[in-house]
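Every chain is numbered from 1 and lettered A, B, ... according to where its sequence line falls, protein lines coming before strand lines.
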Protein chains: 2
Amino acid sequence: MAKKVLNNIRKLRLENNGMTQAELAEKIDATRQTVNAIEAAKYAPSLELAFKIADVFGEPLEMVFEYKLTEK
Amino acid sequence: MAKKVLNNIRKLRLENNGMTQAELAEKIDATRQTVNAIEAAKYAPSLELAFKIADVFGEPLEMVFEYKLTEK
DNA sequence: AATTTATGTAAAATATTTTTTACATAATGT
DNA sequence: ACATTATGTAAAAAATATTTTACATAAATT
């Protein structure tokens with residue numbers, strides 16, 4: 001009933017030569033802990049961070065993050 | 001040299017029967033002041049709010065918000 | 001001209017995101 | 001087996017987003 005922000009970060013990291021969380025963090029000027037939390041969907045990133053992450057993978061934002069209905 | 005989050009909210013509001021800031025705010029469960037600030041790019045919204053706004057206009061997020069190099 | 005509606009703005013309070021520091025475990029390499 | 005690298009997690013502080021309350025002006029309506 002409620003929409004949630006989902007992401008494909010882990011999949012994209014692994015597809016990109018197994019980029020580590022720390023490497024991704026460095027590329028977006030954030031910390032490893034932030035990447036870890038966002039990837040685990042502990043919280044959603046700011047729009048700016050979301051754009052930076054999508055840019056790293058050369059994907060449109062909506063290929064990385066989706067706003068979707070989730071069962072409970 | 002720096003990228004910034006730009007938006008087309010005003011344009012989209014006007015195209016949608018001149019939807020007011022207050023009406024948009026209500027549809028996304030935010031306040032009129034928040035819509036006003038985001039529209040004026042005083043700050044960028046959370047990713048979730050950004051998705052909600054895009055949904056109201058039936059547009060993909062990247063049609064509403066762009067992360068672009070800005071002169072100056 | 002007077003009234004109502006829409007927008008701009010601001011300060012303080014609250015909520016959320018991000019950093020910093022730190023430790024623990026899992027996975028990989030030597 | 002040992003050492004190194006990657007990931008998970010947590011608590012407190014800092015930064016940023018959002019609300020609340022309030023007032024001011026602009027624009028539209030009667």
Under the 3.5 Å rule, do the base of D:dT21 and the side chain of B:Gln33 count as making a donor-acceptor pair?
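Yes, a donor-acceptor pair under 3.5 Å.
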
Among the candidates [options], find the nucleotide nearest to the side-chain atoms of [X].
{"X": "A:Thr31", "options": "C:dT19, C:dG8, D:dT20", "value": "C:dT19"}
{"X": "B:Arg10", "options": "D:dA17, D:dT19, C:dG8", "value": "C:dG8"}
{"X": "B:Gln21", "options": "C:dT20, D:dT7, C:dT7", "value": "C:dT7"}

Mind checking if [X] touches a base, just sugar-phosphate, or nothing, with heavy atoms under 4.0 Å?
{"X": "B:Ala37", "value": "nothing"}
{"X": "B:Ala40", "value": "nothing"}
{"X": "A:Ala44", "value": "sugar-phosphate"}
{"X": "B:Thr34", "value": "base"}

How many whole angstroms separate atom [atom1] of [X] from atom [atom2] of [N]?
{"X": "A:Glu23", "N": "D:dT5", "atom1": "CD", "atom2": "P", "value": "12 Å"}
{"X": "B:Glu26", "N": "C:dA6", "atom1": "CD", "atom2": "P", "value": "12 Å"}
{"X": "B:Leu49", "N": "C:dA15", "atom1": "CG", "atom2": "P", "value": "16 Å"}
{"X": "A:Glu39", "N": "D:dA6", "atom1": "CD", "atom2": "P", "value": "14 Å"}
{"X": "B:Arg13", "N": "D:dA27", "atom1": "CZ", "atom2": "C1'", "value": "13 Å"}
{"X": "B:Leu47", "N": "D:dT18", "atom1": "CG", "atom2": "C1'", "value": "16 Å"}
{"X": "B:Leu24", "N": "D:dT18", "atom1": "CG", "atom2": "P", "value": "13 Å"}
{"X": "B:Lys42", "N": "C:dT7", "atom1": "NZ", "atom2": "P", "value": "16 Å"}

Are B:Lys27 and B:Glu23 within salt-bridge range, i.e. N to O under 4.0 Å?
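Looking at B:Lys27 and B:Glu23, the cut-off is not met.
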
Do NZ/NE/NH1/NH2 and the carboxylate oxygens of A:Lys3 and B:Asp55 come within less than 4.0 Å?
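Here A:Lys3 pairs with B:Asp55 in a salt bridge, since their nearest N and O are under 4.0 Å apart.
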
B:Met19 backbone acceptor or donor facing B:Arg13 side chain under 3.5 Å
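Side chain of B:Arg13 to backbone of B:Met19: a pair is present.
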
Nearest-nucleotide comparison on DNA chain C, the residue closer to the 5′ end among B:Thr20 and A:Ser46:
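Result of the comparison: B:Thr20.
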
Earlier contact from the 5' end, DNA chain C, for B:Arg32 and A:Ile38:
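Per heavy-atom nearest nucleotide, the more 5' residue is B:Arg32.
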
Check step by step if side chain to side chain contact (heavy atoms under 4.5 Å, CB included) holds for B:Phe51 and A:Glu62.
CA-CA 10 Å; B:Phe51 270 123; A:Glu62 302 199 325; 4.0 Å; yes

Taking only N and O in the side chain of B:Asn36, is any of them less than 4.0 Å away from OP1 or OP2 of C:dT7?
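So the side chain of B:Asn36 is outside the cut-off, no N or O lying under 4.0 Å from OP1 or OP2 of C:dT7.
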
Atom CZ of A:Phe65 and atom CD1 of A:Ile9: how far apart are they, to the nearest 0.5 Å?
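One gets 4.0 Å once the value is rounded to the nearest 0.5 Å.
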
